[in-house]
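Right, one structure below, let's go through it.
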Amino acid sequence: NKLFANTSINYSNYYYYDKKFIQNRETNLRSNFIRDQVYNSDFHSGITDLSLKTDFNYQLIAGHILKFGIGFIDHLFTPNASINRVSDSINQFSETKNNYKIKALETYAYIEDDIEFSSRLKVNSGIRYTGFFVDGVYYNSFEPRISGRYLLTDHLGVKMAYSRMKQYAHLLSSSNVTFSSDLWVPSTSKVLPEVSDQITLGSVFSTSQWEFSLETYYKTMGNLIEYSEGSSFLDNNLWETKIENDGTGKAYGLEAYLAKNAGKTTGWISYSLAWSYRKFGNINFGNWYPYKYDRRHDIGLVINHAF
């Protein structure tokens with residue numbers, strides 16, 4: 001009566017598709033010549049997953065819960081991109097296609113200990129093992145994580161957390177004027193898994209009517225990938241030949257939150273101050289540059305009133 005198990009089989013299919021039609025017409029009035037150029041572009045990428053997992057919760061004693069589990073995920077990546085160029089008036093046709101599939105098997109096992117030492121101190125610690133088999137190579141990683149909360153008074157608490165994570169799927173994004181694409185690609189024998197370390201510190205003040213929290217974080221990242229400068233889909237090369245895979249990153253910032261939870265008028269206001277940088281050997285002359293997730297100031301406001 002202290003052990004609970006949940007076993008599930010899951011299937012998911014993600015598919016991204018972007019189709020563009022571009023027509024250029026050139027007219028020469030002297031020779032009465034009309035030239036039409038038609039471009040059809042198709043970008044698509046997808047991930048199909050079939051997974052099996054079992055999770056356990058074991059209540060050792062009051063305030064002490066042990067969680068553990070194991071899982072398997074069968075991935076099918078289809079990071080495809082194809083471009084067709086047709087020009088009917090001069091009877092020319094050219095086609096470029098990158099169309100292939102990558103299969104991968106991901107496994108994981110974890111154990112997590114949730115302990116409430118007292119009414120003021122609570123700690124959650126655990127470790128996760130992951131493995132990824134693709135392209136004849138096997139990547140694996142141990143990922144520790146720990147978080148804790150301590151109540152200084154009945155209304156004021158402090159918290160901290162550290163986690164190491166490894167990710168075997170990469171998102172390649174392009175914002176080219178003519179062609180845009182978002183391709184999910186896996187780690188391969190040539191592309192290492194992404195890895196990150198993050199530490200978070202914060203404090204929370206709460207009463208029956210008000211809640212205020214302040215949190216700061218710092219995150220480092222490695223083995224990031226990005227499109228090479230000047231790369232194009234107008235060739236038959238695979239995506240692995242169009243990227244830089246030596247990237248490092250860092251992200252840090254501050255988040256503040258104030259909420260009123262009682263009375264006829266309730267609501268909250270939040271503010272975040274965030275930096276996000278990336279660095280690659282052959283991009284921006286090897287210097288750090290702000291990444292697209294760099295949103296320096298972000299403010300949110302919600303007000304509710306019960307008339």
Side-chain angles (χ1 to χ4, degrees), residues 1-18 42-61 63-82 98-116 123-147 161-173 181-198 221 223-225 238-240:
N1 59 357
K2 294 184 177 181
L3 181 64
F4 175 79
N6 181 32
T7 299
S8 59
I9 299 176
N10 303 286
Y11 171 82
S12 66
N13 183 31
Y14 163 80
Y15 187 69
Y16 170 84
Y17 182 65
D18 183 15
D42 294 294
F43 291 94
H44 49 97
S45 70
I47 305 176
T48 302
D49 287 345
L50 179 63
S51 65
L52 170 66
K53 67 174 183 176
T54 300
D55 300 297
F56 295 92
N57 282 11
Y58 185 63
Q59 181 81 45
L60 292 171
I61 56 175
H64 192 177
I65 301 176
L66 193 65
K67 301 178 182 180
F68 54 96
I70 189 171
F72 305 88
I73 307 174
D74 183 62
H75 297 287
L76 177 63
F77 292 86
T78 53
N80 305 318
S82 63
N98 295 328
N99 188 0
Y100 67 105
K101 300 178 180 180
I102 305 175
K103 288 188 66 66
L105 177 64
E106 183 175 353
T107 62
Y108 66 87
Y110 71 92
I111 184 169
E112 177 183 327
D113 199 0
D114 199 349
I115 307 176
E116 190 171 340
V123 176
N124 179 282
S125 61
I127 190 167
R128 178 183 177 93
Y129 172 82
T130 60
F132 193 76
F133 184 78
V134 64
D135 262 359
V137 298
Y138 182 72
Y139 297 108
N140 62 90
S141 172
F142 285 97
E143 304 168 14
R145 54 202 64 187
I146 184 171
S147 62
Y162 165 78
S163 63
R164 160 163 278 228
M165 291 169 284
K166 184 163 283 191
Q167 182 171 303
Y168 302 100
H170 307 258
L171 177 62
L172 274 174
S173 298
S181 67
D182 282 323
L183 299 180
W184 280 100
V185 296
S187 300
T188 65
S189 57
K190 300 177 182 178
V191 180
L192 297 175
E194 299 177 1
V195 61
S196 71
D197 292 275
Q198 177 168 313
M221 294 159 280
N223 300 332
L224 303 177
I225 67 173
L238 298 180
W239 62 269
E240 289 175 305

Could you state the interatomic distance from CZ (Phe77) to CD1 (Ile102), rounded to the nearest 0.5 Å?
8.0 Å
Please round to the nearest 0.5 Å and tell me the distance separating atom CG of Asn13 and atom CG of Leu50.
11.5 Å
Value rounded to 0.5 Å, distance of NZ in Lys53 from OG in Ser51:
7.0 Å
Those residues that, when tested against Phe4, pass ring pair (Phe, Tyr, Trp, His ring centres under 6.0 Å) (two or more places apart):
none
Show me the side-chain donor-acceptor pairs of residues 109-116 shorter than 3.5 Å, one per line, residues at least two apart or across chains.
| unit_1 | atom_1 | unit_2 | atom_2 | d |
| --- | --- | --- | --- | --- |
| Tyr110 | OH | Asp55 | OD1 | 2.6 |
| Glu112 | OE2 | Asn124 | ND2 | 2.8 |
| Asp113 | OD1 | His64 | NE2 | 2.7 |
| Asp113 | OD2 | His64 | NE2 | 3.3 |

Would you say CD1 of Ile9 has more than 12 non-hydrogen atoms from neighbouring residues, nucleotides or ligands within 6.0 angstrom?
no
Would you mind listing every salt bridge (charged side-chain N to carboxylate O under 4.0 Å, His left out) that reaches into residues 188-197, with sequence neighbours excluded?
Arg164-Asp197
For Tyr162, what residues pass the ring pair (Phe, Tyr, Trp, His ring centres under 6.0 Å) criterion, not counting sequence neighbours?
none
Does any non-hydrogen side-chain atom of Leu60 lie less than 4.5 Å from one of Lys2?
no
Using 0.5 Å steps for rounding, measure from the CG atom of Asn57 to the CD atom of Gln59.
9.0 Å
Does anything in residues 70-79 form a salt bridge (charged side-chain N to carboxylate O under 4.0 Å, His left out)? List the pairs, not counting sequence neighbours.
Asp74-Lys103
Residues two or more places apart in sequence or in another chain: which of them pass side chain to side chain contact (heavy atoms under 4.5 Å, CB included) with Ser12?
Asp49
Phe142: partners by ring pair (Phe, Tyr, Trp, His ring centres under 6.0 Å), with sequence neighbours left out:
Tyr129
Considering residues at least two apart in sequence or located in another chain, which fulfil the salt bridge (charged side-chain N to carboxylate O under 4.0 Å, His left out) criterion with Arg128?
none
Any sub-3.5 Å donor-acceptor pair from Thr78's side-chain atoms to Gly46's backbone N or O?
yes
The criterion is side chain to side chain contact (heavy atoms under 4.5 Å, CB included); which residues satisfy it with Ser141, sequence neighbours excluded?
Thr130, Glu143, Lys166, Tyr168
Output for pair (Arg145 CZ, Gln198 CD), nearest 0.5 Å, gives 11.0 Å
Between the CZ atom in Phe132 and the OH atom in Tyr139, the distance rounded to the nearest 0.5 Å is 9.0 Å
Might you work through the side chain to side chain contact (heavy atoms under 4.5 Å, CB included) test for Asn223 and Val191, ending with a clear yes or no?
CA-CA 8 Å; Asn223 300 332; Val191 180; over 6 Å; no
Using the test ring pair (Phe, Tyr, Trp, His ring centres under 6.0 Å), find all partners of Tyr138 that sit at least two apart in sequence or belong to another chain.
none
Using side chain to side chain contact (heavy atoms under 4.5 Å, CB included) as the criterion, list what pairs up with Phe72, not counting sequence neighbours.
Ile70, Thr107
For Ser125 and Ile146, which heavy atoms make the closest approach, and how far apart are they?
CB-CG1, 4.0 Å
Under the rule for side-chain hydrogen bond (donor to acceptor under 3.5 Å, both in side chains), what residues qualify as partners of Ser147, not counting sequence neighbours?
none
